[in-house]
Each structure stands twice: as C-alpha cells, then as structure tokens.
Amino acid sequence: MKLHPDTNDAYRLLHQGTLALARTEQQGFRVDLEYTTNKISQLEKRIVRLEAKFKETDFYKHWVHSVGEKHPNIYSNAQLARYLYKVKKLEQTTNTDSEKQGSTDEETLLQFGIPELTDLLKIRKLKKIKDTYLSAFVREQVNGYIHTSYNLNLVISYRGSSSSPNLQNIPKRDKETMRIVRKALYPRLGHQLLAMDFKALEVRIATAYHKDPMMMKYNKDPTTDMHGDMAKQIFLIDNFNENIPEHKVLRNATKNGFVFPQFYGDYFVNCAKNLACGWSDLSSTGMWSEGDGISLPEGTLGKHLLSKKIFIKNSSGVKINTTIKNLKVFTEHIKQIESHFWGNRFKVYAHWKETHWSKYQRTGYIDLLTGFRCSGVMSKNACINYPVQGSAFHVLLKALILMDEIIIKEKLKTKIIGQIHDEVIFDVYPPELDYIVDTYRNIACVQVPKLWRWINVPLIVESDYCQVDEPWSELKSYKFS
DNA sequence: GGAACTCGCCAC
DNA sequence: AAACGTGGCGAGTTCC
C-alpha cells in the first residue's frame, strides 16, 4: 500500500465526504419550536425592559445629547466609540483592526468600570442569543428540523464550514448562554444525542509533519502531560498535581493562553498579557497595564509568584535575580519560556517550521499528507497552520464517511446529524448507543490510522452524551461500563 | 434601496 | 523582523 494519498485520493475523499454530509444535512437536527419561540418572546420582553432602563440613565442621555445622533442606537459601536473617545475623552488604549475607531468590545468596555457599560454588554449578549441563534433556528427549520449546510469547498485550509444556520459555533463556554441556546436542540423522540470528538487532533496531526520526538512522546505516553509540564514551568509550581483545583485552573490557562497560541504562531508578549488577564481582574484594577513599578494583584497566585525568584536579563544584558513583581518581569519570564519551548523542548518541530516555510518560498505551494495542495500567497503562520488544520479535518471526514457507510449497510436507526471540525454528532437509537460508541472509536482510532499510515501517533476519541429525550444542553461525558 | 464594508462574537 | 490560524453571521454604517 502506498504511504501517501495522491490527488485522486483527495478528490475521492471530497466526493464521498460530500455524499455523507448531504445525508447529514438531510437528516437534520430536531429543534423544540415551542421552547424556542417562547424563549424568544421572553428574551424580547427582557431586552425591551433593559433597554428602557438603560435609556433612563444620565449616561445614555448625555451620550445622545452630546453626540447629537439623528438616529440614536444603543447597538451602534460607531456611536458608542464617538461618545466614549470624542466626548468623554476616555483613554483609547486599543483600536479596531482597521484602525478606524477605538475598540468597543467586551474587554475594552469592562476595563472602564462604568456600570452602564456593563449593563449594555448584558443587553448585547441577550440580543445575540435571540437574533443569531434562536431566531435563526426558527427561520431555518422545516417541520421542526434544522438542515444545516456542510460545505467542503469554502475554507482556504481545506477545513469544512457550516451555514444556514451555522451549527459549528453554538455557545459552549458561557454556561448561561450555552443552556439557553442548546435547550432548543433535541434528538428525535425516544432517541439521545451523542457527540464524539478527537482529543487534541491538530496537535497529533502536526506530529505527522514535524515528527518531533518530544511531541511523539507526549502523544504516545499517557503518563506524560504537556500542558501540565508547561504550567509547572510558567507558574513555577514545585509539586504540580492536576487534582488540585488551583493547579487545574493554571493548567487550563497555560493550555489556552500559551501552548495553543504558540502553535498557531503567537508570541510571548501576547501570551504574557493573556495569561495575566486570566487571573487578575483587569477590568476593575487596571493593575496589569504596561509600565514600571506596577504591582501584582493581591490574589493567591499573585502572592505565589511574588514569592518566586527568576533570572532575567536587564537592559544592559546582565543577568539579574528578581521576583515576578509586575507584567514587565512576567513578560520577560514568558519570553524565556518561549525560547526554551521552541529551542529545546520542541526543537525538531521548530526546525520543521523553518524548512517547511522555506520550501514554500521556493516552490509556491505546500502539500498536505491527505493528497491536497495549497498554493497562492501565504503568510508564514498560514503556511504552517493550513496543512495541520486541513489534514486534521480530513481525518474527521474520513471517519465520518466510514461511519456513515456502516450505518447504511447495517440499517442502523442511529443517524449522523452534525459535524464540528473534529467532532461527529449522532442522534442515537438508545439500544445502539454502546455499539455506535465502539464502532466509531474503532473507525477513528484503528481503521483510519490503518488506511493512512502517515499518522504516526495514537488517535484518541472522547464521547459526551445526553439521556433519552434530553436537549443538547445536558451533555455529560460518557462513562464506560 | 441595496451592495459592500466594518465590528463584534460565537465555535474549533 | 515581526508577531494568533480557520470560519459564519447579525447589525450598523457607508457608498453608489
């Protein structure tokens, strides 16, 4: 058997993928119309109430009066920016991407500590739930089922996308928002929802490209813990233990604030700032603004870090011993960790990034391990990220195709009803639950790596499911008997 | 009155 | 030397 798929294989993957995703679209995701329409009118009333209250405030009256808007609109970021930065002359620390106005996003507004802005953010959030999600469900549903389009022809990196409605961005992290939106989505009567996703798929697929021995070890040896190791290093923890709640929080912050951003191509200044925001209440204290002599917040972690000493180079390049007393020192600390991360820990990975980039610069294209080719103008980060994102998604697509074939061949009553980059969503006929979980796990972790020998580390899938007739808000992790 | 752009925010 | 990847979508705004 050949080691690498070619263009024909790539074509076949998209062809079969299109057919399997067409069936997914046709099956549809059941929506509880009664709940959804009730919730919409409930939210509408609440929004009207909050809007009225907001318009009573001196803050709003001053805003409208001073800017002299013909059509005052509390949802207009342009109007808000004019008021905050031109009239009230608040310090404009960040601009929008196009540099046309000062930022009016959540992080920026919270840092001003103005109660009316906090209220405005709340109204914005409720309106987003109502208009972007719930209303879209009602608009798009046909006889109580949403038939989302899954596209294979739109994303530059060869990932898939979803639209009308987009089911790949349903709220998850904010628990309140998650519950309101996901309560609208149900399995068929007497069925239950099951979501199976790959664990750290992109990290594992990247390993097939760079073949870094340290990353191979992290991916192969379940007793190792990359995020834990990095948390230890960043927060100077002597006896790291994932079961200690505080350590767990720090491990999570490390994963989302350092490790993943580094893989995407971010650098130490942003990482340090984001990690700092994670534990201090930036909005009310402003303690982490740039500059000298600014202290750490009073929290436990602040005290913990203050008790630690690190070596950094001062402005004249001389090594000095200091405590992590402010953002400047912390940034220097993260800079050293970044340099160790790519210079020692993942040296081979770093080397691949350079050779891969220079090969693109010579040839004008990059090839994916799944038989696809990306060409055209690419930034360095894009050049490094596309092959990983694309072929990671192809692993999911391949597994989905094989699973779909089995469901058809064996006339199973369970249906595939969705796909989110590295996850398949099933509408399960309860007697088939264990069989579906075992079968998909076998396809994803055994069959796909057997077909694609270039996969050089184990693949792992995790399962979440709801009880019979429960909505998508009730997902719990699957327990094995 | 609609097309195109901008901004913000949700997901992986 | 420079500095976070991929999308969809709603609402506001600007332009023609």
Side-chain angles (χ1 to χ4, degrees), chain A residues 69-82 94-109 120-121 123-137 139-140 148-174 177-178 180-182 195 197-203 205-206 256-274 331 334-335 338 342 353 374 378-390 392-393 396 418-423 425:
Chain A
E69 303 289 351
K70 274 187 199 151
H71 303 289
N73 188 329
I74 66 167
Y75 300 107
S76 166
N77 291 316
Q79 290 183 22
L80 181 57
R82 280 193 286 271
T94 50
N95 288 323
T96 58
D97 287 341
S98 66
E99 305 281 320
K100 293 197 173 179
Q101 62 188 40
S103 306
T104 53
D105 59 11
E106 184 173 12
E107 195 192 329
T108 308
L109 296 188
L120 182 60
L121 287 168
I123 304 176
R124 267 196 201 170
K125 199 161 266 182
L126 295 173
K127 197 156 157 50
K128 171 140 179 130
I129 294 172
K130 177 171 92 65
D131 294 336
T132 305
Y133 299 108
L134 299 183
S135 299
F137 295 165
R139 188 185 63 237
E140 300 290 343
T148 286
S149 296
Y150 290 99
N151 317 298
L152 294 178
N153 59 325
L154 295 179
V155 179
I156 195 158
S157 62
Y158 289 107
R159 264 192 180 181
S161 75
S162 130
S163 55
S164 307
N166 182 357
L167 268 196
Q168 292 182 330
N169 69 346
I170 303 300
K172 186 173 191 177
R173 292 178 191 114
D174 180 315
T177 311
M178 182 279 280
I180 296 173
V181 178
R182 295 194 176 215
D197 70 314
F198 283 93
K199 187 178 178 187
L201 185 60
E202 288 189 1
V203 171
I205 293 310
N256 298 317
F258 182 82
V259 179
F260 284 155
Q262 286 289 327
F263 289 153
Y264 281 135
D266 205 357
Y267 80 126
F268 66 93
V269 171
N270 288 337
C271 292
K273 208 162 78 183
N274 289 337
T331 303
I334 297 299
K335 183 181 177 183
E338 179 187 277
W342 292 112
K353 294 207 292 189
C374 297
M378 276 176 259
S379 69
K380 186 175 179 183
N381 281 341
C383 179
I384 290 160
N385 284 319
Y386 290 175
V388 176
Q389 286 191 354
F393 172 67
L396 177 281
Q419 165 267 122
I420 314 176
H421 305 304
D422 66 352
E423 172 177 325
I425 302 159

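A note on names: the letters A, B, ... follow the listed sequences, proteins ahead of strands, and every chain is numbered from 1. For the numbers below, each heavy atom of this structure counts, side chains included, while hydrogens, waters and symmetry mates do not.
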Sub-3.5 Å pairs of nitrogen or oxygen atoms, protein against nucleotides 10-13 of chain C:
| residue | atom | partner | partner atom | Å |
| --- | --- | --- | --- | --- |
| C:dG10 | OP1 | A:Arg139 | NH1 | 3.4 |
| C:dG10 | OP1 | A:Arg139 | NH2 | 3.0 |
| C:dA11 | OP1 | A:Asp131 | OD2 | 2.7 |
| C:dG12 | OP1 | A:Asn73 | OD1 | 3.3 |
| C:dG12 | OP1 | A:Asn73 | ND2 | 2.6 |
| C:dG12 | O3' | A:Ser76 | OG | 2.9 |
| C:dT13 | OP1 | A:Ser76 | OG | 2.2 |
| C:dT13 | OP1 | A:Gln79 | NE2 | 3.3 |

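Side-chain N/O atoms of A:Gln168 and A:Ser162 include no donor and acceptor closer than 3.5 Å.
As judged by a 4.0 angstrom heavy-atom cut-off over every strand, A:Gln101 is placed among residues touching the sugar-phosphate backbone only. A:Glu202 comes within 4.0 angstrom of nothing in the nucleic acid, heavy atoms only. Residue A:Lys100 is classed as a sugar-phosphate contact, given heavy-atom separations below 4.0 Å to backbone atoms only. Backbone-only engagement by A:Ile156 is indicated by non-hydrogen atom pairs under 4.0 Å involving sugar-phosphate atoms exclusively. Nucleic acid contact class of A:Asn385 (heavy atoms, under 4.0 Å, all strands): sugar-phosphate only. Across all strands shown, A:Lys128 has heavy atoms under 4.0 Å from base atoms, whether or not it also approaches the sugar-phosphate. Using a 4.0 Å heavy-atom criterion, one finds that A:Thr177 contacts no nucleic acid atom at all. Within the nucleic acid shown, A:Leu154 comes within 4.0 Å of sugar-phosphate atoms alone, with no base atom in reach, counting heavy atoms only. Counting non-hydrogen atoms under 4.0 angstrom, A:Ser379 reaches nothing in the nucleic acid. No engagement by A:Phe393 is indicated, since no non-hydrogen atom pair under 4.0 Å with the nucleic acid exists. Looking at heavy-atom distances under 4.0 Å, A:Ile170 makes contact with sugar-phosphate atoms alone, never a base. Within the nucleic acid shown, A:Ser162 comes within 4.0 Å of sugar-phosphate atoms alone, with no base atom in reach, counting heavy atoms only.
Sequence neighbours left out, the pairs with a member in residues 380-390 of chain A that pass salt bridge (Lys or Arg N to Asp or Glu O under 4.0 Å) are A:Glu354-A:Lys380. Screening residues 151-169 of chain A for salt bridge (Lys or Arg N to Asp or Glu O under 4.0 Å) gives A:Arg159-A:Glu202 as the qualifying pairs, with residues at least two apart or on separate chains.
For C:dG5, the OP1/OP2 oxygens have no side-chain nitrogen or oxygen of A:Ser157 closer than 4.0 Å.
The backbone N or O of A:Val269 lies less than 3.5 Å from no partner atom in the side chain of A:Thr331, so there is not a single donor-acceptor pair. At least one donor-acceptor pair closer than 3.5 Å links the side chain of A:Asn385 to the backbone N or O of A:Asn381.
Atom NZ in A:Lys353 sits roughly 11 Å away from atom C1' in C:dC4 (whole-Å rounding). When the P atom of C:dA3 is taken as reference, atom NZ of A:Lys335 falls 16 Å away, rounded to whole Å. Rounding to whole angstrom units, CG of residue A:Asn169 and P of C:dG8 are separated by 10 Å. Between A:Lys130 atom NZ and C:dC9 atom C1' the separation is 15 Å, expressed in whole Å. Regarding A:Asn381, its CG atom lies at a distance of 18 Å from the P atom of C:dA1, rounded to whole Å. Straight-line distance from the CG atom of A:Leu201 to the C1' atom of C:dT6: 14 Å, rounded to whole Å. If you measure from atom CD of A:Gln168 to atom C1' of C:dT6, you get 10 Å, rounded to the nearest angstrom. Rounded to whole angstrom, the span from the CZ atom of A:Phe268 across to the C1' atom of C:dA3 amounts to 9 Å.
By the side-chain hydrogen bond (donor to acceptor under 3.5 Å, both in side chains) test, A:Arg82 pairs with A:Glu69, sequence neighbours left out. Taking A:Glu338 as the reference, nothing meets the salt bridge (charged side-chain N to carboxylate O under 4.0 Å, His left out) condition, with sequence neighbours excluded.
Contact check for A:Leu120 versus A:Leu80: side-chain heavy atoms found under the 4.5 Å cut-off. Two residues are said to be in side-chain contact when any heavy atoms from C-beta on lie closer than 4.5 Å; A:Leu396 and A:Gln419 meet this criterion.
The side chain of A:Asp266 lies closest to C:dC4 when the candidates are C:dA3, C:dC4, C:dG7. Listed nucleotides C:dC4, C:dT6, C:dC9 differ in distance to A:Pro261; the shortest reach to its side chain belongs to C:dC4.
For C:dG5, the base has a donor-acceptor partner in the side chain of A:Gln389 [N/O atoms by modelled type, under 3.5 angstrom].
The span of DNA chain B lying next to chain A, judged by atoms under 4.0 Å from heavy atoms, is bounded 5' to 3' by B:dT6 to B:dC12.
With respect to the salt-bridge test (charged N to carboxylate O, under 4.0 angstrom), the residues A:Asp422 and A:Lys199 do not qualify.
Within 6.0 Å of CG on A:Asn153 lie more than 12 heavy atoms contributed by other residues, nucleotides or ligands.
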